[in-house]
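Below, each value reflects all heavy atoms present in this structure, side chains not excepted, and no hydrogens, waters or symmetry copies. The structure presented is a predicted model; accordingly, all values stated were derived computationally and were not measured.
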Amino acid sequence: MMRRHLRAAVTVVATAFLAPLLTASPAPASPARHADGARPPADCRPALQVLASLPGSGGSQVRGLGPNALAVGGSRGLPVYWTGTRVHRVPLPAGFTGGEVAAVNAKGLMAGTLQGTGRTAAFSFRAGARTVTLLPEGAHAADVNDRGLIVGDGTKSGAFTGLVWDGTRIVRRLAPPAGYSLTSVTTLNNAGQIAGSGDAFKDDESWSAGLTWPARPGAAPVPLQRYWPGGVSYDYWYPRDIDSAGRIVGTHDYTRVDTLTPTQWLPPYTTETEPGLLGERTSGTFEAISPTTNISVGTALDSHMVGPFPPETAPPLQAQIWPGTGPLLALPRLTPEGDAQAHAISDDQRVGGSAIDATSTTRAVVWTCALRQAYQP
């Protein structure tokens with residue numbers, strides 16, 4: 001799925017080692033302007049923290065941010081969490097060899113996916129626990145809200161379905177709108193509103209749409225934008241995160257010319273908006289939005305069809321941030337030629353992701369006071 005999950009160019013594949021707290025470099029070319037609602041804490045210090053990794057080979061990346069410098073994600077193919085820059089393993093049950101923590105809430109409850117031979121499983125976990133909690137019928141867990149509700153998916157009797165868990169109880173099964181098949185369930189907010197995506201088919205026509213499920217159980221799901229079928233569509237929509245006001249962010253994948261565009265959907269979801277691209281880049285994504293301050297983050301990249309040409313002249317992937325108004329802004333890299341990607345954003349302007357260092361090692365990183373580091377390329 002990336003074309004049913006975005007494409008591999010946005011996937012982190014790397015390694016990471018323990019490193020000290022680093023001040024972000026290079027310096028911003030120009031100061032970022034941002035809305036009043038996006039002001040950082042008074043004691044905010046701009047820095048690029050490099051987090052420790054587990055021994056071995058493979059990649060490390062931050063996928064979610066919790067309270068008190070807690071971060072979650074994956075390292076060397078294993079689910080981990082960090083306290084400050086220190087890395088901790090999530091214990092694996094028998095039969096599982098890897099996985100990743102996808103999200104963590106404000107109370108430290110984590111959710112993610114385990115991998116074993118020929119299978120996956122959704123799980124929850126709290127720091128210091130001896131074991132994870134497997135979620136019934138779950139193949140993947142994508143997000144957790146501050147009420148402790150976890151959203152993800154599973155397959156039962158061959159049918160893919162969205163699931164909501166409260167503890168170890170399935171409290172909601174997510175049916176797609178009439179005429180659609182479900183392709184992903186990715187996020188929920190504290191109210192319990194959920195977002196994902198689906199495909200629709202009618203005769204010889206097909207199309208894709210972002211989907212949202214209202215917080216009230218039993219309420220009908222709603223396509224996030226209107227689309228009038230007129231042949232096979234080249235457009236795919238991937239909602240990735242939702243904030244407390246119901247703002248949804250994600251990515252529009254226009255496969256005909258291989259372009260990704262950061263996208264936002266606002267209630268009542270009758271259309272989508274695209275705030276643009278970073279500088280002269282030809283593609284980009286939104287991966288997360290802060291819970292209450294309307295700051296979105298993702299990754300800027302380039303289309304192999306739109307350019308630049310030849311493709312190998314394209315600059316490295318660039319972590320990007322959007323304050324909710326104005327242009328998209330870049331976040332500093334660890335090295336001028338190293339990829340950097342952003343996957344998570346908190347209200348106190350921490351951004352989690354990954355960045356390649358001078359030894360070509362991709363490290364799990366956290367940008368602190370992110371908008372004070374952001375700049376127009």
Side-chain angles (χ1 to χ4, degrees), residues 1-6 63-64 99-105 109-115 119-124 133-201 206-225 227 236-243 246-251 253 263 265 267 269 287-289:
M1 296 194 307
M2 249 21 197
R3 223 11 103 316
R4 335 258 345 137
H5 268 300
L6 301 186
R63 294 292 184 182
E100 186 175 66
V101 185
V104 59
N105 70 9
L109 178 63
M110 307 174 201
T113 301
L114 301 175
Q115 297 175 342
R119 63 171 175 158
T120 63
F123 75 91
S124 64
T133 298
L134 296 179
L135 304 177
E137 300 183 28
H140 307 90
D143 202 3
V144 55
N145 70 11
D146 293 345
R147 295 163 51 197
L149 296 179
I150 297 172
V151 70
D153 63 67
T155 302
K156 187 174 184 180
S157 302
F160 178 82
T161 184
L163 299 169
V164 182
W165 295 273
D166 186 353
T168 57
R169 295 184 304 116
I170 296 174
V171 295
R172 190 174 181 185
R173 296 179 184 271
L174 302 171
Y180 283 82
S181 62
L182 189 63
T183 57
S184 71
V185 179
T186 52
T187 183
L188 82 168
N189 62 14
N190 286 337
Q193 184 183 354
I194 298 162
S197 58
D199 290 338
F201 303 89
S206 66
W207 63 98
S208 167
L211 306 176
T212 184
W213 289 261
R216 181 173 58 84
V222 177
L224 289 178
Q225 69 279 332
Y227 179 80
Y236 293 87
W237 308 92
Y238 300 100
R240 295 293 299 161
D241 201 10
I242 183 171
D243 73 359
R247 292 177 288 233
I248 298 171
V249 298
T251 301
D253 185 356
T263 304
W265 295 266
Y269 310 121
E287 302 295 327
I289 185 169

Problem - 4.5 Å side-chain heavy-atom contact, Leu174 and Pro221 - result: no
Fill in the blank from the handout: Minimal heavy-atom distance between Thr113 and Thr120, with the atoms involved, is CG2-CB, 3.9 Å
Handout entry: Which residues share a salt bridge (Lys or Arg N to Asp or Glu O under 4.0 Å) with Arg173, sequence neighbours left out
Key = Glu137
Problem - Contact check, side chains of Trp237 and Ser208, non-hydrogen atoms, under 4.5 Å - result: yes
Problem - Partners meeting side chain to side chain donor-acceptor pair (under 3.5 Å) with Trp165 (sequence neighbours left out) - result: none
Problem - side-chain hydrogen bond (donor to acceptor under 3.5 Å, both in side chains) contacts touching residues 142-151 (sequence neighbours left out) - result: Asp143-Thr187, Asp146-Asn190
Fill in the blank from the handout: Closest non-hydrogen contact found for Leu224 with Pro239 is CD1-CG, 3.7 Å
Handout entry: Which residues share a side chain to side chain donor-acceptor pair (under 3.5 Å) with Asn189, sequence neighbours left out
Key = none
Practice task
Just jot down the side chain to side chain contact (heavy atoms under 4.5 Å, CB included) partners of Pro267, sequence neighbours excluded, or say none.
Solution key: Tyr269
Exercise for the section: For residues Asp241 and Ile289, report the shortest heavy-atom separation together with the two atoms involved. Expected result: OD2-N, 2.9 Å
Handout entry: Student check: side-chain heavy atoms of Pro177 and Leu211 closer than 4.5 Å
Key = yes
Problem - Least distance between heavy atoms, Trp265 atom then Val249 atom - result: CZ3-C, 4.0 Å
Exercise for the section: Can you sort out the partners of Arg172 under salt bridge (Lys or Arg N to Asp or Glu O under 4.0 Å), two or more places apart, ordered by chain and number? Expected result: none
Completion exercise
Sorted by chain and residue number, the side chain to side chain donor-acceptor pair (under 3.5 Å) partners of Thr212 (sequence neighbours excluded) come out as Gln193
Fill in the blank from the handout: Heavy atoms of Ala142 and Ala102 approach each other most closely as O-CB, 3.7 Å
Practice task
With sequence neighbours excluded, tell me which residues meet side chain to side chain contact (heavy atoms under 4.5 Å, CB included) with Arg119.
Solution key: Phe96
Completion exercise
In terms of heavy-atom contacts, Val185 and Trp213 come closest through CG2-CH2, 4.4 Å
Which atom pairs, donor and acceptor, lie under 3.5 Å between side-chain atoms of residues 150-162 and protein residues at least two apart or in another chain?
{"unit_1": "Asp153", "atom_1": "OD1", "unit_2": "His140", "atom_2": "ND1", "d": "2.9"}

Practice task
Using the test side chain to side chain donor-acceptor pair (under 3.5 Å), find all partners of Asp166 that sit at least two apart in sequence or belong to another chain.
Solution key: none
